[in-house]
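Note on naming: letters A, B, ... go to the chains in the order of the sequence lines (proteins, then strands), and numbering restarts at 1 for each one.
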There are 2 protein chains.
Amino acid sequence: MGRKRTKSGKIRLAEVAELAGVSPITASRFFRNPEALSVAKRTRVESAAKELGYVPNLAARALASQRTEVIGVLIPSLTNNVFSDVLRGIYDASEGSRYSIQLSNTRYSILQEEKLLRLFLAQKPAGLIVTGIDQTAESRAMLEAADCPIVQIMEIGPDPVDMMIGFSHYDAARAAIAHLFEQGHRKIGFVGARMDPRVQRRLDGYVSAMKDAGLFDQRLVVTTATPTSVTLGGALFTDLLAREPDIDAVFCANDDLALGVLFECRRREIEVPEQIAIVGFNDLEFMASAVPTLTSVRTNRYEMGKTAATMLINAIEGRRPEQAVLDLGFKVIERQSSSARRADSRPATSAAGAANKMIALPSSHD
Amino acid sequence: MGRKRTKSGKIRLAEVAELAGVSPITASRFFRNPEALSVAKRTRVESAAKELGYVPNLAARALASQRTEVIGVLIPSLTNNVFSDVLRGIYDASEGSRYSIQLSNTRYSILQEEKLLRLFLAQKPAGLIVTGIDQTAESRAMLEAADCPIVQIMEIGPDPVDMMIGFSHYDAARAAIAHLFEQGHRKIGFVGARMDPRVQRRLDGYVSAMKDAGLFDQRLVVTTATPTSVTLGGALFTDLLAREPDIDAVFCANDDLALGVLFECRRREIEVPEQIAIVGFNDLEFMASAVPTLTSVRTNRYEMGKTAATMLINAIEGRRPEQAVLDLGFKVIERQSSSARRADSRPATSAAGAANKMIALPSSHD
DNA sequence: GTCGTTGCTGGTAGCGCTGTCAACGTTCCT
DNA sequence: AGGAACGTTGACAGCGCTACCAGCAACGAC
């Protein structure tokens, strides 16, 4: 049957080709690989497309080419600030590229992750970004069988499926504790919420550092499965204090908890850092402007997302990275909340005035 | 040409149909409208699909049916906490439905929004969620011409494209100022960052409330185009104080700024609320656990996202809501930071102990 | 008994695009 | 001059699914 025009009046590639005086396939090539066309035809197709306001039909393209231009992203939480930074990086990197992001939330469940993975892979994504290194065996098998590039983000481990970008949470935690030791703190508590694998590894790092110093005591560790929040930080710290009233420092698995601990200290009129030092994790923006300013471990979340997406897109287009595993490291950002017990810690005039001393390390695996 | 099997060995609908002993079209119907099949065939197709692990090819479906099962979402920022709550609601509502979310970031640019809208609409989304009511004329025209349901979120206004869900930022700001008046404050500053349309309307509400009371002074308003942050709150407050040292309250356009103001007060040893009251906007989680606890205007962001997506999905499936415009209102959550100047404000034992008095209002348009 | 009517099923014909391969003209080498 | 090599173009045949419409049986109303 002749089909000169769709009922909807939508512009198809054929219309563009006709106006440009070329065959549809040539017009098609213009959109996928303009360099393959002669300059004359290229400009003709280009102006024809612009004149008609042509927008390619992605469904048809996907069907015909047997692949999509979709990058699947699996993250465990939309609530957690950490992931919004990573996501922002991913979206920023995908912008301007031909790829679009398909986001799904595993809710910290590796079974849910497996289910979503199956769904994603059936649509032949151009690439995949998954969180962490703790997939189910089934997921792992699917990932390895997938014929698209894959990036694991948030942490690094010994056995990447394909590419990997992150840092060692274990080493980062050890560095934070080492910093507290240096400042003269000995009885250091650990406060953690929602013990996902990465928080667990931070705990492991804490435990090993404390054991190395002969200071570990299980009673110094307070954790819960509840999702993190500032309020929860206060509550967990309250528990910790009830149990061990004479601690001299608290290492918090994230910054929300640290802020909660700070507020709870203020409520109880405990001086920070004179009586208790506080160290957080992630270095969210507010840490630098709290009073006292709060020490934290800076992790390059935005950069992680952006680099992951960039690496992925490059790999999709055949440009594999020199190294498949990228350690983005971390920095302990020393601020007032963990100053030496001899304390130079009274309020500066402005947050901006407080210089940050940094300890930068690539995380070394072990 | 006979094509018995795809090279990739992928299961197609035809395979399922064959195993079930029905025609492909009957199998197709099973996935879209199972009730249309006889019980016998329905169960046959169901078990065949399960046995083969069939997953439909969305691209083929979209091409053949001329529509997708994608809900487009346009938001201005991924950084802002406010939107992550909304997004969480949207994702939660879409989960379990057949629809997937396609997210794009307009970066607070209505031109970018227009461009993205054009892209989205060309793919015939099942529905669209857009932020706010300030589209370009061109965008507005495209939205009105679109043949899919549309929900505008974050605020309500007089002239919905289709559906609308939000609250009046203007009224919310007026309510916050009214609360400060009640508590005896008179010289109330306004601190705002990134003056997007919604923040602008909060400012308008502040201005009108102050003018009504004969207390407006342009010098009380400090704003900037810079994106919001806790640190920025401190900086803007510093500017405000330099200009008007004797203010007795600050209304912050969002909670990050409010926290920054609180820290700056602490740095300067200004007592809150005895010397200066603070009111934020959005009621993020940390507001209830700060010391002193911080008054804020609660907005139902998660609910907004969830309801918007639910309404949209219902509309896509032909179930239009009774009312197209939904006002989710707001609540002024009164906490210590804005207690009456006579002040009952010294630290409670715990944040949990601080009762919240609420003023709940649907926003009335004007 | 005839004629709708309803409920279920299947055949046909694409949806808009691209993979493959063949064909063409041009250039460059020997 | 002959031929290979390259760059550019087009014809054809689907990608996997669904819209559309026709067909058929079962049933009730007249």
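- Within residues 51-61 of chain B, no residue has any heavy atom under 4.0 Å from DNA chain C.
- Side-chain atoms of B:Thr106 and B:Gln112 include no donor-acceptor pair closer than 3.5 Å.
- For A:Arg198, the salt bridge (Lys or Arg N to Asp or Glu O under 4.0 Å) partners two or more places apart in sequence, or in a different chain, are A:Glu155, A:Asp196.
- Legend: side-chain hydrogen bond (donor to acceptor under 3.5 Å, both in side chains) pairs involving residues 21-41 of chain A, not counting sequence neighbours, sorted by first then second residue: A:Ser23-A:Thr26, A:Ser28-A:Arg32.
- Using a 4.0 Å cut-off, no side-chain N or O of B:Thr26 falls inside it from OP1 or OP2 of C:dC8.
- Under the salt bridge (Lys or Arg N to Asp or Glu O under 4.0 Å) criterion, B:Asp147 pairs with no residue at all, not counting sequence neighbours.
- Computed from coordinates, the A:Lys124 NZ to C:dT18 P distance equals 16 Å when rounded to whole Å.
- Applying the side chain to side chain donor-acceptor pair (under 3.5 Å) test to A:Thr79 and every residue at least two apart in sequence or in another chain returns B:Arg88.
- OP1 or OP2 of C:dT18 has at least one side-chain nitrogen or oxygen of A:Ser28 nearer than 4.0 Å.
- Sorted by first and then second residue, the ring-ring contact (aromatic ring centres under 6.0 Å, His included) pairs involving residues 66-87 of chain B (not counting sequence neighbours) form an empty list.
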Can you give each donor-acceptor pair under 3.5 Å made by side-chain atoms of residues 51-59 of chain A, sequence neighbours left out, with the distance rounded to 0.1 Å?
| from | atom 1 | to | atom 2 | distance (Å) |
| --- | --- | --- | --- | --- |
| A:Asn57 | OD1 | A:Ala59 | N | 2.9 |
| A:Asn57 | OD1 | A:Ala60 | N | 2.9 |

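- With respect to A:Lys50 and A:Glu46, no salt bridge is recorded, no charged nitrogen being found less than 4.0 Å from a carboxylate O.
- B:Phe31 has its CZ atom 14 Å from the C1' atom of D:dT18, to the nearest Å.
- Counting to the nearest Å, the C1' atom of D:dG14 and the CG atom of B:Leu63 are 12 Å from each other.
- For residues 111-137 of chain A, there are no ring-ring contact (aromatic ring centres under 6.0 Å, His included) pairs, not counting sequence neighbours.
- Rounded to an integer number of Å, the gap from CG of A:Leu37 to P of D:dT8 is 8 Å.
- D:dC17 atom C1' lies 16 Å from atom CD1 of B:Ile11, rounded to whole Å.
- Within the structure, salt bridge (charged side-chain N to carboxylate O under 4.0 Å, His left out) pairs that include any residue of residues 58-84 of chain B comprise B:Arg61-B:Glu69, B:Glu69-B:Arg98 (at least two apart or interchain).
- In this structure B:Glu138 satisfies the salt bridge (Lys or Arg N to Asp or Glu O under 4.0 Å) test together with B:Arg118, sequence neighbours excluded.
- For the segment residues 39-50 of chain A, the set of residues with a heavy atom within less than 4.0 Å of an atom of DNA chain D comprises A:Lys41, in numerical order.
- Rounded to an integer number of Å, the gap from CG of B:Asn33 to P of C:dC8 is 10 Å.
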Just the table, please: protein N/O against nucleotides 19-24 of chain D N/O, every pair under 3.5 Å.
| from | atom 1 | to | atom 2 | distance (Å) |
| --- | --- | --- | --- | --- |
| D:dA19 | OP1 | B:Arg67 | NH2 | 3.3 |
| D:dA19 | OP2 | B:Arg32 | NH1 | 2.4 |

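- Side-chain N/O atoms of B:Ser23 include none lying less than 4.0 angstrom from OP1 or OP2 on C:dT9.
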